[in-house]
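Notes follow once the structure below has been shown.
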Amino acid sequence: MNIFAEIRGLIIATLDQMVAEGALPEGLNFDPITAEPPRDAAHGDMATNAAMVLAKPAGMKPRDIAEALAARLADDTRITSAEVAGPGFLNLRLAASVWQQVAAAVLDSGTGFGRGSLGQGQKVNVEYVSANPTGPLHVGHTRGAVFGDALASLLDFAGYDVTREYYINDGGAQVDVLARSVYLRYLEAHGQEVAFPEGTYPGDYLIPVGETLKAKVGDAYVGQDESVWLAEVREFATEQMMDLIRADLKALGVEMDVFYSEKSLYGTGRIEAALEDLKSKGLIYEGVLEPPKGKKPEDWEPRVQTLFKSTEHGDDVDRPVMKSDGGWTYFAPDIAYHYDKVQRGFDALIDVFGADHGGYVKRMKAAVSALSDGKVPLDIKLTQLVKLFKNGEPFKMSKRAGTFVTLRDVVDQVGPDVTRFVMLTRKNDAMLDFDFDKVLEQSRENPVFYVQYAHARVSSVLRKAAEAGIDVSEAAIKGADLGKLDHEAEIGVLRKLAEWPRLVETAARTNEPHRVAFYLYELAGDFHGLWNRGNDVTSLRFIQEGDAQTSQAKIALAQAVAIVIAAGLGILGVNPAQEMR
RNA sequence: GGACCAUUAGCUCAGCUGGAUAGAGCGCUGCCCUCCGAAGGCAGAGGCCAGAGGUUCGAAUCCUCUAUGGUCCGCCA
């Protein structure tokens, strides 16, 4: 149930009728017509721009259309008044019963309220995290992980068939570096003194990996040439790292559907197949790139390379897919990977990258556009940096200084729920300040707490009501007389609840899960506001002593708020709190 | 030199993909605590939406240019 969509439908139907009666010309486009909550509540419950949008194509004055429309709409029982305002807005006021029914709808649908049909079962692939399997996940990955995961849940909620996917970069040179680093730890486990030269990973997290390797192969690799052990150790180390990463993700509550290996693209003809597809479209050629301007190309030499004509699909320059030594560039397997996604039949693709990969957006979009003949849209969301603070003081991450902050550090300190919520309190492309102390503060300025608190308060009301002998069973609450919710403050909360389905749609359409977090904060604010007014106006309290029926109606409202909060938090991957400690 | 992202209240940020008098939290000012949970509440002040053009009934939102900040820019994955 989306009341805005319903009223918009009513408006369109009324306009159709006006066309049939000759009050409006035929052939008008009604698509741009909206029914939205006005910014200023004084303008009523809902406003439509119909008259202004239609005025020009219909060759009529906006106010004339608006007045004719208003007269007809006023006949509908749901609408109590329709007034023309400003340049031609039509402001509608809705009957209290319309809003009261929102609570009934929420109770009826439970956390499924607002679940949308926007996606219509279309298959969407959301690729996120995709960190190199060379070590534990750090804070930067955490934001990408939370964002991608929440986005996936949001799209699922909006009616898409979502696949969560992680691309394992296990095919490049960095996994060789990993293997050599593990080998050093392996030697160390055998009692040897080792040094970590430039270009290896000296992190402590590889110590147990070296020991596990020792336990597995004994001294078989000691003193052996790299050619003997590199391939084996690489595979072993990659698996170990992926186990680590999977465990990190699990700690954060992220579960992938698919882990896709880059390595599986090599030697299987898949890269070749993808490039062959581009070649058949005339998008592969041998050529020489211009040196980048402005940047000092010290050892620049013009070289003939195999290039993808990405400029045909919106990129700025063509991109090399093969190195001068005949090996693939990193871009080649990326193309093959996305080719594979297209072939798996997804209707839309989403990649979540860190902002430092912003330079790859155009070329990836170009590749997908070319590979799918423009049929599969690729949206790339970049997540900006997370700046860490401790009690207001910024601190820098440094591997060397040992102040390297991992995903695990964050989750262990503040918990997965807080971590996830806070990561979504900013738009994905805005920088985020993360203060280890402030996120645990219990005050209004901490949205995590504020939203959780609202949910907990509802639980508290239910407990208190039960103690007072009020029947708060599901049946009793569902059967409550919602007509008793007639105070303007209560209607206000109902209005906010009514916006939820609409918000889900907008957030899903723009791929912006942070909107859910902001909405929840607003809803919680409205609910707390109503609660606080009960301090002065006793008739607004949720429990009305000696009046079980009124209490039940108010509890129904509170319950509806809790349900929508739980649904929203569910999308964000956060568990709602039953009580605050 | 170029690309991408940002620029909104003193501070940190939203702004429903073009709607009416631009919002929230913090901070500031003033009131309020024997009251279902005051880890607060209510009210108020505070804005040339970086700047300049353009598009149209209408722009913080779309286009162009400029300024400032960030990220990135042949074979490194």
| said: To check you understand the geometry: which heavy-atom pair defines the closest contact between A/Glu505 and A/Leu118, and what is its length? | reply: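 Closest approach of A/Glu505 to A/Leu118: O-CD2, 3.8 Å.
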| field | Over all atoms of both residues, closest heavy-atom pair of A/Ala85 and A/Asn91 | value | CB-ND2, 3.5 Å
Using the [atom1] atoms only, state how far [M] lies from [N], rounded to an integer number of Å.
| N | M | atom1 | value |
| --- | --- | --- | --- |
| B/U71 | B/C62 | C1' | 25 Å |
| B/C13 | B/G47 | C1' | 15 Å |
| B/G69 | B/A60 | P | 26 Å |
| B/G46 | B/U17 | P | 30 Å |
| B/G27 | B/U12 | P | 15 Å |
| B/A59 | B/G19 | C1' | 9 Å |
| B/G15 | B/A24 | C1' | 10 Å |
| B/C48 | B/U8 | C1' | 12 Å |

Base, sugar-phosphate alone, or nothing: which one does [X] contact when heavy atoms must sit under 4.0 Å apart?
| X | result |
| --- | --- |
| A/Arg319 | nothing |
| A/Leu289 | sugar-phosphate |
| A/Ser324 | base |
| A/Asn91 | base |
| A/Ala85 | base |
| A/Met322 | nothing |

| Can you tell me if the side-chain N/O atoms of A/Lys464 get under 4.0 Å from OP1 or OP2 in B/C36? |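 The answer is no; no side-chain N or O of A/Lys464 sits under 4.0 Å from OP1 or OP2.
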| Just to confirm, is there a sub-4.0 Å distance from OP1 or OP2 of B/G37 to any side-chain nitrogen or oxygen of A/Arg463? |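 So the side-chain polar atoms of A/Arg463 never come under 4.0 Å of the phosphate oxygens OP1 or OP2 of B/G37.
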Side-chain donor-acceptor pair under 3.5 Å between [X] and [Y], yes or no?
| X | Y | value |
| --- | --- | --- |
| A/Tyr285 | A/Gln305 | no |
| A/Ser459 | A/Gln578 | yes |
| A/Thr383 | A/Asn428 | no |
| A/Asp351 | A/His338 | yes |
| A/Asp318 | A/Thr311 | yes |
| A/Thr306 | A/Glu286 | yes |

| message | I want to verify a distance call: between B/G37, B/U71, B/G74, whose nearest atom is closest to the A/Ser460 side chain? | response | B/G37
| query | Side chain of A/Pro87: nearest nucleotide among B/C72, B/G74, B/G19? | reply | B/G19
Take the protein atom [atom1] of [X] and the nucleotide atom [atom2] of [N], then report the distance between them rounded to whole Å.
| X | N | atom1 | atom2 | answer |
| --- | --- | --- | --- | --- |
| A/Phe353 | B/A77 | CZ | P | 17 Å |
| A/Met46 | B/A20 | CE | P | 17 Å |
| A/Leu265 | B/A77 | CG | C1' | 13 Å |
| A/His528 | B/C36 | NE2 | P | 16 Å |
| A/Asp316 | B/G74 | CG | P | 12 Å |
| A/Arg363 | B/A77 | CZ | P | 14 Å |
| A/Glu441 | B/G25 | CD | P | 16 Å |
| A/Leu530 | B/G41 | CG | P | 14 Å |

| Is a donor-acceptor contact shorter than 3.5 angstrom present between the side chain of A/Tyr360 and the base of B/A77? | yes
Residues 517-529 of chain A, side-chain donor-acceptor partners within the protein, below 3.5 Å, at least two apart:
| from | atom 1 | to | atom 2 | distance (Å) |
| --- | --- | --- | --- | --- |
| A/Tyr519 | OH | A/Lys496 | O | 2.6 |
| A/Tyr521 | OH | A/Arg444 | O | 3.3 |
| A/Glu522 | OE1 | A/Lys496 | NZ | 2.7 |
| A/His528 | ND1 | A/Arg457 | NH1 | 2.9 |
| A/His528 | NE2 | A/Tyr450 | O | 3.0 |

Pairing of [X] and [Y] as salt bridge, 4.0 angstrom limit:
| X | Y | value |
| --- | --- | --- |
| A/Glu36 | A/Arg8 | no |
| A/Lys341 | A/Glu127 | yes |
| A/Asp437 | A/Lys390 | no |
| A/Glu512 | A/Arg515 | yes |
| A/Arg93 | A/Glu83 | no |

| field | Residue met sooner reading RNA chain B from 5', once A/Leu90 and A/Lys362 are mapped to nucleotides | value | A/Lys362
| A/Asn532 or A/Val461, whichever maps to the more 5' nucleotide of RNA chain B |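 Nearest nucleotide further toward 5': that of A/Val461.
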| message | Could you check whether A/Arg319 makes a cation-pi contact with A/Phe331, meaning its NZ or CZ is under 6.0 Å from the centre of the six-membered ring and within 45° of the ring axis? | response |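 Verdict for A/Phe331: no cation-pi partner in A/Arg319.
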| field | By side chain to side chain contact (heavy atoms under 4.5 Å, CB included) - contacts of A/Lys362 (at least two apart) | value |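 A/Asp315, A/Asp316.
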| query | Tell me, for nucleotides 5-17 of chain B in 5' to 3' order, what letter each nucleotide earns: B for a base near a protein heavy atom under 4.0 Å, S for only sugar-phosphate near one, - for neither? | reply | SS-----SSSSBS
| For nucleotides 62-69 of chain B, read 5' to 3', which letter fits each nucleotide if B means a protein heavy atom sits under 4.0 Å from the base, S means only the sugar-phosphate is that close, and - means neither? | --------
| task | Pull out every stem in RNA chain B, meaning runs of 3 or more consecutive Watson-Crick or G-U wobble pairs with both distances under 3.5 Å. | result | B:1-7 with B:67-73, B:10-13 with B:23-26, B:28-32 with B:40-44, B:50-54 with B:62-66
Quick one: which protein N/O atoms are closer than 3.5 Å to N/O atoms of nucleotides 30-35 of chain B? Pair and distance per line, please.
| from | atom 1 | to | atom 2 | distance (Å) |
| --- | --- | --- | --- | --- |
| B/C35 | O2' | A/Arg541 | NH1 | 3.0 |
| B/C35 | O2' | A/Arg541 | NH2 | 2.3 |
| B/C35 | O2 | A/Asn535 | O | 2.7 |

